[in-house]
Participant: 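Here it is, the structure, as structure tokens.
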Amino acid sequence: MGDWLGMPILASEHGVRMDFFMLTVHLVMLSAFTFWSTWFVLAIFKFRRKKNPTADYIGIKGRWPWIPVGVMFLCDFGLLFGLSIPFWHDEIASVPLNDPNAVHIRVVAQQFQWNIHYPGPDGVFGRTDFALSDGQTNFIGLDNNDPASKDDIVTLNQMHLPVDEIIIIYLSSKDMIHSFTLPEFRIKQDVIPGMRIPIYFKPTMTTATLRGVTDNAERNFEIACSQLCGNSHYQMRGFVTVESRQDYDAWLAKKLEEKQAYEDDDWFF
Ligand SMILES: [Cu+2]
């Protein structure tokens with residue numbers, strides 16, 4: 001259905017509902033637009049000067065105008081209470097924070113990049129402190145003295161996700177308002193400094209499938225920033241790789257190995 005509106009390829013579970021919602025809103029708007037435009041043209045003809053030489057201050061007689069107004073009201077009522085509020089309840093207000101099988105990831109936005117923080121095998125995010133952030137190798141200010149930090153992985157603009165699993169992302173910002181957007185997963189959420197905002201979704205398509213469907217071997221799911229956040233806003237572009245659980249685990253293990261090798265490097269001259 002999303003095809004009618006030129007929506008991006010759909011790659012998440014809740015996106016089906018989102019696309020249905022978008023389509024319904026557009027159909028209601030289209031019928032209202034058609035009705036009012038037709039009425040406008042008819043009114044121009046019906047109330048032309050030739051037929052109405054003197055102004056009439058009484059206006060329309062009869063009750064029929066209440067019918068379109070009533071229909072419009074019912075449509076709005078239906079959209080709000082039938083679709084919008086239940087959708088909000090299920091997707092925004094019911095993040096399954098305690099789901100033992102969910103994958104937890106932090107995303108820390110900053111001008112002009114997405115820092116992606118994985119808790120590592122222990123499942124606990126290491127302590128972070130803004131004062132430790134150095135803008136060179138430790139963007140999120142991870143406290144390396146915290147035992148929980150030892151196995152944490154932080155990547156720059158590269159997010160990997162296992163397919164068909166619940167992903168919970170905690171969004172925060174180091175500087176200003178950004179907007180975390182994953183078009184194919186139908187995710188868009190403002191990232192507000194001082195707040196930690198959880199969102200969740202379930203990706204249903206791997207990057208390999210996306211490449212097959214689009215017949216483009218270089219195609220990726222992307223992270224965009226949808227809030228104009230400065231002169232290099234356009235550079236806030238990240239990439240999402242959706243893969244099997246096995247490949248995801250292998251990627252995490254490789255990243256951890258790289259991190260340990262990096263820490264063994266001699267940084268003193
Ligand atoms: Cu931004």
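One-based numbering, in listed order, for ligands and for the atoms of each.
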Participant: Sequence neighbours excluded, which residues qualify as side chain to side chain donor-acceptor pair (under 3.5 Å) partners of Asp143?
Facilitator: Arg127

Participant: Are Glu258 and Lys255 close enough for a salt bridge, meaning some N to O gap below 4.0 Å?
Facilitator: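 Result for this pair is yes, salt bridge flagged.
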
Participant: Going by side chain to side chain donor-acceptor pair (under 3.5 Å), name the residues that satisfy it together with Gln158, two or more places apart in sequence or in a different chain.
Facilitator: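 Applying side chain to side chain donor-acceptor pair (under 3.5 Å) to Gln158 gives none.
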
Participant: May I ask you to test the Phe239-Thr207 pair for a side-chain heavy-atom distance under 4.5 Å?
Facilitator: no

Participant: Mind listing the side-chain donor-acceptor pairs of residues 21-34 below 3.5 Å, one per line with the distance, residues two or more places apart or on another chain?
Facilitator:
| from | atom 1 | to | atom 2 | distance (Å) |
| --- | --- | --- | --- | --- |
| Thr24 | OG1 | Phe20 | O | 2.6 |
| His26 | ND1 | Met22 | O | 2.7 |
| Ser31 | OG | Leu27 | O | 2.6 |
| Ser31 | OG | Val28 | O | 3.3 |
| Thr34 | OG1 | Leu30 | O | 2.6 |

Participant: How about the Cu ion (ligand 1), which protein N, O or S atoms come within less than 2.8 Å?
Facilitator: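 Listed by chain and number, the nearby protein N, O or S atoms are His178 ND1, Cys225 SG, Cys229 SG, Met236 SD.
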
Participant: Using atom types as modelled and distance alone, determine if a side-chain donor or acceptor of Ser173 lies under 3.5 Å from a backbone N or O of Asp175.
Facilitator: yes

